[in-house]
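Some notes on the structure that comes next.
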Amino acid sequence: MAPGVGDGRRNNGEVVPGCVCGFQVCACAGAAAVASAASSADMDKLAMAATATEGQIGAVNDESWVAVDLSDDLSGDGADAGVALEDRPVFRTEKIKGILLHPYRVLIFVRLIAFTLFVIWRISHKNPDAMWLWVTSIAGEFWFGFSWLLDQLPKLNPINRVPDLVVLRQRFDRADGTSLLPGLDIFVTTADPFKEPILSTANSILSILAADYPVEKNTCYLSDDSGMLLTYEAMAEAAKFATVWVPFCRKHGIEPRGPESYFELKSHPYMGRAQEDFVNDRRRVRKEYDEFKARINGLEHEIKQRSDGYNANTKDGEPRATWMSDGTQWQGTWVEPSENHRKGDHAGIVLVLLNHPSHTRQLGPPASADNPLDFSLVDVRLPMLVYVSREKRPGHNHQKKAGAMNALTRASAVLSNSPFILNLDCDHYINNSQALRAGICFMLGRDSDTVAFVQFPQRFEGVDPTDLYANHNRIFFDGTLRALDGMQGPIYVGTGCLFRRITLYGFDPPRINVGGTCFPALGGLFAKQRYDKPGLEMTVKAATVAKGKHGFLPMPKKSYGKSDAFVDTIPKASHPSPYSAAESAVHADEAAIEEAVNVCAAAYEKKTGWGSSIGWVYGTVTEDVVTGYRMHIKGWRSRYCSIYPHAFIGTAPINLTERLYQVLRWSTGSLEIFFSKNNPLFGSTFLNPLQRVAYINITTYPFTAIFLIFYTTVPALSFVTGHFIVQRPTTMFYVYLAIVLGTLLILAVLEVKWAGVTVFEWFRNGQFWMTASCSAYLAAVLQVLFKVVFRRDISFKLTSKQPAGDEKKDPYADLYVVRWTWLMVTPIIIIIVNIVGSAVAFAKVLDGEWTHWLKVAGGVFFNFWVLFHLYPFAKGLLGKHGKTPVVVLVWWAFTFVITAVLYINIPHFHAGGHHAAKHGAHGPHHGTKHDDIYYFWP
Ligand SMILES: O=c1ccn([C@@H]2O[C@H](COP(=O)(O)OP(=O)(O)O[C@H]3O[C@H](CO)[C@@H](O)[C@H](O)[C@H]3O)[C@@H](O)[C@H]2O)c(=O)[nH]1
């Protein structure tokens with residue numbers, strides 16, 4: 001084994017001793033060694049890399065070998081060690097260590113029993129003083145227990161899957177530098193160049209063009225729903241800059257390959273032999289990048305200058321026609337008013353920015369007086385890049401992102417028709433040049449024919465170090481999604497997802513047809529046998545369709561729309577055996593481009609299956625969950641791919657308001673699915689039972705708002721009103737409560753351990769859960785009920801993202817900008833109610849009205865528990881001034897003291913309190929003393 005290999009394993013993303021460089025160099029060297037090796041010496045090193053240890057990218061440099069484990073490998077049991085390379089699978093599955101998993105499972109069981117006993121106790125101990133409180137609180141407790149179970153059960157079998165890039169290379173990369181890897185179409189969606197800064201989008205595109213994947217197999221599509229020339233010209237600039245950036249990345253094995261994030265790095269360690277070249281090249285490319293940025297920033301002004309009507313005093317100040325730099329009129333947004341101009345409506349546009357590259361390697365020019373960059377040993381070909389803006393017409397429902405994805409699916413089919421599709425939002429760039437290869441490992445494995453998609457976790461930058469609004473969402477990604485991989489697979493979350501194209505066309509997965517043609521669903525009952533012969537049925541279908549017998553398509557031909565050219569591509573996209581997936585036919589000629597425009601027409605989907613049985617699903621503001629769901633119910637599986645350095649990185653919403661709107665959208669979308677025909681409670685025998693539970697959870701969680709709002713206000717109000725949920729707790733009550741709470745904490749500790757996250761992240765997650773429940777979830781419930789009752793569509797609000805390369809003094813300044821939204825009302829009320837409640841309790845004790853400190857302490861503790869959870873919200877609400885916790889605490893103390901003083905000193909209020917406590921609350925007949933304060937269940 002080469003020095004360093006094996007020492008370089010990472011645990012939970014940390015660089016470990018033995019890895020002789022920062023991650024940039026480790027992974028970059030691997031990339032350089034493979035994709036871009038131009039000399040035979042490099043090719044020798046590539047062969048050496050193939051001998052590296054399982055799960056590691058071997059990387060070569062002059063001094064020594066370095067290695068980096070590509071996975072968040074937590075079990076570290078080194079499976080397959082000693083297995084010959086040719087016998088090794090292209091990815092391996094690792095179990096979570098028993099020492100974590102066994103107690104975890106036992107505790108779930110213990111908690112379930114304790115919780116059941118607790119509810120039984122509650123039901124059998126009525127509170128005659130306040131029956132309505134008793135009934136509603138039991139309903140709430142029941143819901144909390146139920147939703148905990150929905151969340152918990154699908155986590156019974158978490159696993160880790162580790163792609164093996166060494167094996168992938170050995171099987172698919174040829175010694176002459178060509179590759180047998182299948183084609184990959186990458187979709188990037190953007191909808192507004194101002195809310196989604198174009199520099200970020202340009203960076204995403206550049207990182208895709210520079211990724212380590214065979215150039216001729218990688219086609220990048222940008223979908224621009226704004227149809228604005230600004231976006232197009234920015235992409236044209238990116239394509240130009242790519243001619244320098246991409247060879248530079250290949251030559252020096254740069255990581256990450258988004259220029260903005262690369263140049264933001266504080267240090268650029270370099271271990272290769274072209275050290276001197278590197279420093280010069282880097283300086284030169286940096287200069288070019290700065291010029292590129294300046295051009296992008298100046299584009300808006302430039303386009304306005306050349307647009308008719310901009311300078312004329314038009315009514316809305318908008319230009320009346322927009323001209324491209326070559327003098328032709330732009331067909332996108334800002335067209336002549338005579339064409340029934342409405343912002344956003346425009347013709348369909350497909351423009352090829354970079355054409356399909358040749359299949360043979362092309363070395364770049366040597367350094368010269370005009371061009372100091374020496375690319376003579378570097379392959380300078382670039383992947384194909386296509387700009388697509390689907391047609392938008394008044395009166396058509398464009399179906400938001402899902403509509404854009406479906407148009408892209410068809411357009412890409414007639415242009416490149418790769419069997420695999422990666423989907424990225426415009427703010428997500430490829431952070432690890434090996435990401436595409438890592439994802440494809442899960443599609444080419446022995447039993448991968450039934451895998452519909454590979455979901456990567458979403459990772460974000462621009463989040464403040466304390467992650468105030470839980471933007472990282474790691475409990476969900478590293479806990480829930482990882483665990484689902486041990487069931488049928490993670491749910492689809494909208495970006496960073498690699499699809500098998502054929503699954504988007506409504507095909508069933510290959511399986512033994514146990515029930516024959518009459519009862520195909522019977523196959524679902526024989527889970528074990530289901531996937532024994534991958535590829536069989538789909539192979540037959542695909543081959544027959546290829547002969548032109550469209551009757552064998554999974555649905556009638558008309559379901560796919562009127563384009564024969566498109567329908568003809570379907571059989572060619574299925575690639576039943578990935579090992580025979582040779583060159584995908586790419587033909588971006590004029591006829592193909594015309595056809596691509598045709599399939600992007602606004603009316604194309606009329607009376608077709610698009611949006612229901614084919615493609616991304618319509619009818620909800622979160623197209624992602626339901627699209628993945630429809631695949632899972634057919635029996636397709638999915639895989640979770642978490643690698644380090646992170647595969648893709650995106651930007652988080654810019655402030656609290658945007659974050660709340662984002663969550664509002666997600667929760668609304670979830671409920672929309674619940675109230676649709678895709679409700680996971682019913683249907684399909686192919687859905688793994690615990691996968692079904694996970695889908696029920698993801699489509700019902702916003703209902704929690706109803707109960708949580710009750711729980712966060714009523715105990716506090718009880719101090720004022722004198723009504724309590726539990727009348728007289730017994731020892732057993734406390735025992736059950738202690739077990740329920742204690743197991744929750746221990747489970748959390750075990751979970752953060754196997755998920756590889758921190759306890760702090762767990763707390764943040766809980767805090768944001770409460771903020772979201774009291775605001776966005778509640779609004780979502782109301783919004784969806786409104787939709788169900790009045791049948792009104794729910795509008796979509798695009799999330800504003802942080803601009804890339806925003807060189808401000810304070811990188812988190814936007815985070816604290818307060819923009820008022822009505823979503824903030826309920827959390828504010830809850831905060832006030834809890835401060836007032838604890839202050840009144842305090843005043844009552846001070847005043848001698850209540851004498852049992854201990855009993856009061858329980859209730860006050862619960863108030864603090866609520867306030868603690870809403871603390872990040874309060875901090876965000878106070879804006880820039882709230883950056884220091886002191887301000888929040890001062891406000892809290894101020895309100896507390898004022899309330900207590902008022903309570904004691906205002907006679908009417910005071911007397912009223914006594915009155916309520918003495919007569920109203922408990923009533924003269926029950927004889928309960930007014931200082932019996934008992935209820936503390938969080
Ligand atoms: O009419 C539209 C609306 C949106 N988009 C694109 O869709 C993506 C997601 O929209 P965004 O507002 O950024 O949504 P987020 O809430 O930030 O995104 C998360 O949630 C969405 C809904 O679940 C998923 O689609 C995303 O992939 C996921 O990152 C962006 O690239 C948009 O440009 C379009 O292309 N056309």
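Computed from a predicted structure; not experimentally measured. Whatever order the structure lists ligands and atoms in, that order sets their numbers, starting from 1.
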At a 4.0 Å threshold, what atoms of ligand 1 neighbour a non-hydrogen atom of D225? 1 (O), 2 (C), 34 (C), 35 (O), 36 (N)
A191 N/O to ligand 1 N/O under 3.5 Å: yes
Does V621, backbone or side chain, put an N or O under 3.5 Å from an N or O of ligand 1? no
Going by distance only, is there an N or O of R390 that falls short of 3.5 Å from an N or O of ligand 1? no
Distance under 4.0 Å to a non-hydrogen atom of Q458: what atoms of ligand 1 satisfy this? 29 (O)
Within 4.0 Å of some non-hydrogen atom of E623, the atoms of ligand 1 are 24 (C), 25 (O)
Is a salt bridge present between D467 and R474, judged by a nitrogen-to-oxygen distance below 4.0 Å? no
Does a side-chain heavy-atom distance below 4.5 Å link Y492 with W616? yes
Pick one: which of F499, F442, F420 meets ring pair (Phe, Tyr, Trp, His ring centres under 6.0 Å) with F453? F499
Pick, from W666, W616, Y661, the option with the minimum heavy-atom distance to atom 20 (O) of ligand 1. W666
With Y429, which residues qualify under ring pair (Phe, Tyr, Trp, His ring centres under 6.0 Å), at least two apart? none
Indicate, as side chain, backbone, both or neither, the part of D624 found under 4.0 angstrom from ligand 1 when only non-hydrogen atoms are considered. side chain
In ligand 1, which numbered atoms sit nearer than 4.0 Å to a non-hydrogen atom of T190? 33 (O), 35 (O)
Flag this pair as yes if the NZ/CZ of R410 is under 6.0 angstrom from the six-membered ring centre of W610 and inside a 45 degree cone about the axis; otherwise no. yes
With a cutoff of 4.0 Å, is S223 in contact with ligand 1, counting heavy atoms of the residue only? no
List the atom of E605, the atom of T608, and the distance in Å for their closest heavy-atom pair. O-OG1, 2.6 Å
With respect to D425, determine whether any N or O atom, backbone or side chain, lies less than 3.5 Å from an N or O atom of ligand 1. yes
Which of the numbered atoms in ligand 1 are under 4.0 angstrom from any heavy atom belonging to E196? 13 (O), 30 (C), 31 (O), 32 (C), 33 (O)
Part of Q662 with heavy atoms under 4.0 Å of ligand 1, whether side chain, backbone, both or neither: side chain
About how many Å separate CG of D192 and SG of C426, when rounded to the nearest 0.5 Å? 9.5 Å
Salt bridge or not between K787 and E672? Use side-chain N to carboxylate O under 4.0 Å. yes
Of the backbone atoms (N, CA, C, O) and the side-chain heavy atoms from C-beta on, which set of H398 has a member under 4.0 Å from an atom of ligand 1: side chain, backbone, both, or neither? neither
Residues D185 and R501 bridged, charged N to O under 4.0 Å: yes
Can you name the side chain to side chain donor-acceptor pair (under 3.5 Å) partners of D624, sequence neighbours left out? none
If you measure from each non-hydrogen atom of T189 to ligand 1, which part falls under 4.0 Å: side chain, backbone, both or neither? both
